[in-house]
Structure formats: structure tokens, C-alpha cells
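Have a look at the structure below before the remarks.
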Protein chains: 2
Amino acid sequence: MADIARKTGVSPMTVSRAFKSGSLINKETRDAILKAAEELGYVFDSTASNLRSKKTDFIAVTIPSINNANFADTVGGLSSVLSARGFQILLGYTNYDVEEEERLIEHLLRRKPQAIAVTGGKHTRRARKLLENAKIPVIETWDVPAEPIGHFVGFSNAKAVRGMVDHFVAVGYRRIAFIGGDASRDTRGTDRRHGFIAALKDHGLDASRLIDAGAPPISMREGANAMGRLLTELPDTEAVICVSDLSAFGALTECQRRGVRVPDQMAIGGFGDYEIGGISVPALTTVNAHARQIGERTGALILDLLNGEQTIADVTLQPQLIVRESSR
Amino acid sequence: MADIARKTGVSPMTVSRAFKSGSLINKETRDAILKAAEELGYVFDSTASNLRSKKTDFIAVTIPSINNANFADTVGGLSSVLSARGFQILLGYTNYDVEEEERLIEHLLRRKPQAIAVTGGKHTRRARKLLENAKIPVIETWDVPAEPIGHFVGFSNAKAVRGMVDHFVAVGYRRIAFIGGDASRDTRGTDRRHGFIAALKDHGLDASRLIDAGAPPISMREGANAMGRLLTELPDTEAVICVSDLSAFGALTECQRRGVRVPDQMAIGGFGDYEIGGISVPALTTVNAHARQIGERTGALILDLLNGEQTIADVTLQPQLIVRESSR
DNA sequence: ATGAAAGCGCTAACAT
DNA sequence: ATGTTAGCGCTTTCAT
């Protein structure tokens with residue numbers, strides 16, 4: 001900035017103002033400054049700006065995996081709301097591991113973000129403490145935490161699966177299995193499995209048809225393998241609910257390879273309303289968890305909190321059951 | 001740090017050393033300092049550190065879309081190599097738009113990253129200039145740029161499709177169509193289409209069976225719609241190559257809905273070796289572009305360049321044709 | 001192994 | 001509308 005100030009014959013402070021929109025500055029002065037900056041190949045230094053002004057334009061976000069369309073949608077929603085207001089998302093992946101999440105949160109907080117959104121409501125004790133002490137808005141997403149740290153934008157994974165179970169039972173399925181969600185690392189998957197078990201029990205049905213599909217993220221391939229085991233070990237199963245549409249699609253393909261007709265011989269339900277569930281043949285019954293909306297609402301909530309307008313309270317979304325051809 | 005220094009009776013400089021691994025410091029002094037820091041709820045300020053030391057631990061990365069498994073794999077590869085060395089990825093999405101890329105690059109450079117990796121070799125003139133002037137390693141990926149700005153880690157999209165065309169022709173297909181890649185925004189998709197046209201012409205075949213599938217990213221649904229048009233408008237087509245596995249899978253489902261047998265009545269090829277291509281029934285013939293490897297090699301190249309060891313030159317990867325059931 | 005002084009590049013606060 | 005002064009929280013550099 002000093003160079004530009006010298007070149008244009010103004011003070012560094014004026015140069016500073018020229019780069020900040022909404023500052024009191026003569027239009028010609030600003031144009032001359034911006035022109036000089038471009039000629040000098042000047043690049044504004046956010047680091048110094050952030051240090052002096054004691055604020056950054058970072059919003060920290062942690063998600064379990066980068067390679068998941070649901071979380072990508074959430075980040076997309078967040079990003080569209082926050083980028084428009086000049087914020088930069090600082091993204092980290094926990095790989096479905098709370099220890100990794102703790103490390104990540106610690107590092108993200110060192111960058112002094114203005115707010116932080118984390119996926120899920122389960123954290124290490126130290127991570128929780130770090131978030132509590134951070135003195136910035138903390139939003140937990142994709143869950144309804146028993147004891148929220150700050151705010152949350154989520155839904156009940158257990159209730160969402162219960163909704164599908166209720167539907168399956170209502171249309172006549174009785175011997176219903178569940179694939180995935182038993183790895184304790186993926187708490188949302190585990191919640192879905194717990195919801196499945198509780199719902200079946202409430203209907204007086206056997207809730208022991210549980211197929212382990214491995215550690216999250218559960219792939220299409222693992223869904224297919226799990227369906228293979230289900231068909232071998234519990235061949236009288238009438239319907240299966242999978243922890244996600246990806247594993248559900250894998251399960252569907254395994255049925256196709258074995259000549260098992262879906263839904264006649266085996267009904268399949270997924271979770272997450274991924275694109276594939278809407279286009280596969282047959283299309284998959286699933287639950288839309290409003291992934292993008294979670295991001296948009298989180299972004300809006302963050303903006304409100306930063307503006308001191310505590311208008312939005314916590315947000316509990318209602319997942320939507322989508323019945324398609326893979327079940328009746 | 002001053003607070004911690006006071007509390008432990010040392011100078012702020014010693015506190016600073018306690019947080020930096022590999023510094024000359026008494027073990028007990030360090031332990032006392034770290035303990036005091038934890039008690040005070042101290043969080044290290046990267047902003048100040050970065051300003052004074054004139055270096056950050058940011059590596060800037062731009063990708064067209066967050067919601068694409070191929071780019072996610074590349075970021076995953078980059079991340080695994082660079083996080084292990086303490087770097088933080090600063091990620092931005094261009095939405096397949098070079099103007100947006102320019103804005104993004106400008107903002108990313110303000111954070112003074114140590115290196116920047118961008119997807120593709122086509123940029124606005126100003127973006128190119130910004131990268132040239134940045135005085136940090138610049139890596140272009142997913143492409144072999146005609147005039148690289150700095151380094152590149154990529155492959156020829158045109159040649160990769162040519163390889164599939166050669167195979168299709170060798171096994172007897174003659175009336176071959178292409179879906180996607182006509183939106184000029186997605187330069188890699190356009191390169192694939194150009195490669196398709198050139199290859200067909202070299203075989204003396206008609207290269208006019210081109211179906212527009214809309215602006216990138218091309219979804220499964222758009223692939224299905226495109227296949228619908230292809231079957232209606234050019235019903236004697238024997239094989240189709242799609243710009244990605246996602247559109248190829250959509251095309252496959254459209255065949256299934258219409259009772260068109262794949263590959264007997266219509267062979268299908270995709271691109272990118274997405275998980276779905278390996279598990280769908282039939283499985284999809286595709287091209288593995290080594291997405292994760294692009295990220296890993298880019299990360300390794302960046303580390304070498306930052307260490308001043310110019311050992312790796314540019315990297316041109318060889319995409320691999322994978323023939324599966326959707327073609328013969 | 002530790003400390004003292006100086007300053008990274010901006011901008012808050014105040015002045016004109 | 002513009003300028004002056006001081007300082008954000010660290011780390012470089014030099015000293016002991």
C-alpha cells in the first residue's frame with residue numbers, strides 16, 4: 001500500500017480506504033489508486049487486515065467427508081448464502097472420526113473464524129470445550145443434539161427412519177432388515193439404526209435383521225455385499241432399509257445380479273435422496289433430509305447471529321419420505 | 001501469549017518457542033507453558049504468526065464443483081499429502097466459469113497461500129496474469145495446457161476419448177454418438193468431444209451424432225434426457241460415448257426404461273471411473289483418469305517446489321480404458 | 001536455553 | 001475527504 005500511496009501521491013490510509021467498499025473517498029482518487037494497484041501487480045494482504053481489524057471473513061465448517069453428495073449440498077447451500085456476503089468457507093474433513101474432528105476444530109479456530117458449523121452433535125470433551133470457549137457462533141448440523149453447544153440446524157435421524165418403517169409396515173411388510181449404521185463412528189448412521197430398531201419394536205416386529213456394512217462412509221459396493229449376505233443368511237426378508245441411497249443402490253444391483261425382483265421379492269428403502277435414487281430403475285424409496293436447506297439455514301442463522309439479530313432460533317427440519325418404485 | 005508468559009514467568013518469546021515444534025526449549029518449561037495455555041483457554045493466532053513470518057500454511061485449490069466425485073478424489077489426494085505436512089487446503093468452487101475462477105483466484109491470493117492448484121488450463125487473461133505474478137508455485141491440473149503458467153499434472157482429455165473410440169471401432173461399432181461436452185464452459189468436456197470427432201474422422205466414420213446435454217455439470221437426469229433424444233432422433237445408433245459416467249448411467253437407465261438392451265442394441269461408454277460405473281448392471285465401460293493420483297502428484301510436486309527441490313517435472317498421466325459389460 | 005527490540009502490512013481512532 | 005499515529009499478536013534477529 002505504501003508503494004501505491006507514493007505513486008498516487010496520497011497517504012496509505014487513503015489507499016486502504018480505496019479497497020474497502022462503503023468508505024468515504026473521492027471517486028477519482030479511488031480510481032487512480034485502483035489503477036496504480038493493478039499496474040504494480042499489488043495484491044491485498046488479508047492477513048494483515050485481519051490482524052489489525054481483529055476480524056476475518058472466515059467461516060469454519062467441518063464435514064465428515066468431502067466425497068458425499070449430501071454434505072456437498074450442505075456446503076453448497078452454506079457457501080451460496082455466505083459467499084454472497086463476502087465470507088470465505090474454511091472447510092475441513094473429519095473422516096467420520098471425533099478425534100480427527102478435535103484436531104481439525106483446534107486448527108480451524110486458530111484462524112479466528114467468525115463462526116463455525118460442525119456436522120453432528122457428538123464431539124470429544126476437549127472439542128466441546130474449544131467450541132464453548134471460542135466466543136463465536138457455533139452451529140451443529142444434521143442432528144438434534146441432546147445438549148447443543150450453541151445453535152443447531154438439523155433433524156432427528158431416528159425419527160426419519162421411523163417414518164419409513166411406519167410406511168413399510170402400513171403397506172404390509174413385516175420381515176424388515178436394516179443395512180449399515182453399526183459402526184459407532186458414524187453417529188447419524190447409528191441413530192438411524194436405533195430409530196429402525198425402536199420403530200420395529202413399537203410395531204411388535206422382530207428387529208434383529210441387522211446387517212453390518214463396515215465403517216463409514218458405506219459405499220455402493222458395501223451395500224451390494226451386505227445385500228448378498230442378507231439374501232444368503234435371511235432369505236425370507238421382505239424389505240430392507242439402507243443407511244443411505246448409495247448403499248441402497250448397491251443393494252439393488254445385487255438383487256439384479258441375483259435375479260431377485262425389486263420390489264416384488266425384496267423392497268428397498270434408502271436415505272438422503274441422492275440423485276441416483278430418483279433415476280435408477282426401479283427408482284428408490286428414500287428420505288429427503290433437506291441437505292442443501294441445512295446449509296442455507298445455517299448460513300442465514302450465522303448471518304443473523306453476526307449481525308446481533310437473534311431472530312432465528314434453532315432449526316429442526318422435517319425429513320420427507322419419498323415413496324418410489326423400490327417399495328410398495 | 002503475554003498472559004501465558006506472565007503466568008509462567010518467562011518471556012513471550014519463550015512461549016512462542018513452546019508452540020513451535022523443533023525449537024530449542026527446555027522440556028519442563030514447554031510443559032508448563034502448554035499447561036498454562038490450556039488453563040487459560042488460549043488459542044494460537046495464526047493470523048499474527050502468518051503476518052510476521054511472511055508465510056502461511058495455506059495451499060489454495062480451485063475446482064469446478066464441490067459435488068463431483070472425481071474432483072473430490074483429487075482434493076482428497078492433495079489433502080492427504082499436504083495435511084500430513086501441516087498445510088491447510090483453501091478450497092474454492094468456480095462453478096465451471098472462468099470469470100468466477102478469476103474472482104476466486106484473486107481472493108485466494110489475498111490470503112497469501114504458499115502454492116495454488118487450479119483445475120484446467122483455460123483462464124481469463126487477468127486470472128493468468130494474477131497467477132504469473134503471484135511468485136508461488138502454480139499447478140494446473142486435469143489438463144495438458146498448451147502454454148502452462150507454471151507446472152501441470154494432467155492428461156489429454158481428447159486422447160483419452162480417442163482411446164475409447166479406437167476400442168469401439170475395433171470391436172465393430174460404426175454408428176457412434178457422443179453425449180455432452182458442447183457447453184464451452186466445461187473445457188475438459190469440450191476437449192473430450194473434440195477428441196471424439198477427430199478420432200471418428202480418422203477412422204473415416206460419421207462424426208455428426210452429437211447430443212447436447214446442457215451446461216455442466218451434466219447430471220444423470222440430463223444424460224437420460226439426452227439418450228431419449230438420441231433414441232428418437234438417431235435410432236440406428238449402435239454405441240454412445242458420454243462425457244462422464246454420471247450421464248452414462250443416466251443414459252443406461254433411459255435404455256432400461258425403454259426396453260433397449262445394453263450393450264446388444266446400444267453400447268455405452270462413460271468417463272471418469274466413478275463408483276457407479278463399476279457396480280451398475282450392466283457395469284459401464286469407462287476411462288479411469290486417475291483423479292486421486294492427480295491430487296497426490298500435485299501435492300508431492302508442491303512439496304518439492306516449496307523445498308526448492310525441482311525433482312519432479314510436469315506430470316502427464318495416461319488415462320486407462322476400462323472395458324466392462326456396457327460395451328463389447 | 002532464554003530474552004529484548006523491532007516490525008510484518010494493514011486499519012482503528014482521532015484529527016483536520 | 002484525507003492524513004497521522006499507534007498497534008493488532010506474533011516471530012525475526014541479535015544478544016546473552
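Residue numbering restarts at 1 for every chain, and letters A, B, ... go by the order of the sequence lines.
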Q. Under a 4.0 Å N-O cut-off, is there an ion pair linking A/Arg6 with A/Asp3?
A. yes

Between [atom2] on [N] and [atom1] on [X], what's the gap in Å once rounded to a whole number?
X	N	atom1	atom2	answer
B/Arg111	C/dC10	CZ	P	13 Å
B/Met1	C/dA4	CE	C1'	16 Å
A/Phe19	C/dC10	CZ	C1'	12 Å
B/Lys20	C/dT2	NZ	P	16 Å
B/Arg6	C/dG3	CZ	C1'	16 Å
A/Arg17	D/dG3	CZ	C1'	7 Å
A/Asp57	C/dT11	CG	P	12 Å

What's the shortest heavy-atom distance between [X] and [Y], and which atoms?
X	Y	value
A/Ser80	A/Gly77	OG-O, 2.9 Å
A/Ile302	A/Ala115	CG2-CB, 3.8 Å
A/Ala18	A/Leu34	O-CD2, 4.2 Å

Q: Would you jot down, in residue-number order, the residues of residues 27-46 of chain B having a non-hydrogen atom under 4.0 Å from DNA chain D?
A: B/Tyr42, B/Phe44, B/Asp45

Counting just side-chain N and O atoms, does [X] come under 4.0 Å of either OP1 or OP2 of [N]?
X	N	result
B/Ser49	D/dT11	yes
A/Ser11	D/dT2	no
A/Lys54	D/dG9	yes

Q) Contact class for B/Ser16 (heavy atom, under 4.0 Å): base, sugar-phosphate, or nothing? A) base

Q) Which part of the nucleic acid does A/Ile25 contact within heavy-atom distance under 4.0 Å: base, sugar-phosphate only, or nothing? A) sugar-phosphate

Q) Looking at the rings of B/Trp142 and B/Phe155, which for Trp means the six-membered one, are their centres under 6.0 Å apart? A) yes

Q: Spell out yes or no: do the side chain of A/Arg52 and the base of C/dG9 have one donor N/O and one acceptor N/O closer than 3.5 Å?
A: no

**Q.** Toward the 5' end of DNA chain D, by each residue's nearest nucleotide, B/Leu51 or B/Met13
**A.** B/Leu51

**Q.** A/Arg297 atom CZ: more than 12 heavy-atom contacts under 6.0 Å
**A.** no

Q.
Applying the side-chain contact (heavy atoms from CB on, under 4.5 Å) criterion to A/Phe71, which one of A/Thr62, A/Ile63, A/Thr141, A/Ile66 satisfies it?
A. A/Ile63

Q.
For A/His123, run the side chain to side chain donor-acceptor pair (under 3.5 Å) check against A/Lys129, A/Glu101, A/Glu102 and tell me which one passes.
A. A/Glu101

Q. Axis-to-axis angle across the helix from C/dA1-D/dT16 to C/dT16-D/dA1, five pairs an end, to 10 degrees?
A. 20°

Q | Closest listed nucleotide, where the reference is the side chain of A/Asn26 and the choices are D/dG3, C/dT2, D/dA1 | A | D/dA1

Q: Would you mind reporting whether A/Asp31 and A/Lys27 have side-chain heavy atoms less than 4.5 Å apart?
A: yes

Q: Tell me, please, which residues at least two apart from B/Phe19 pass ring-ring contact (aromatic ring centres under 6.0 Å, His included).
A: B/Tyr42

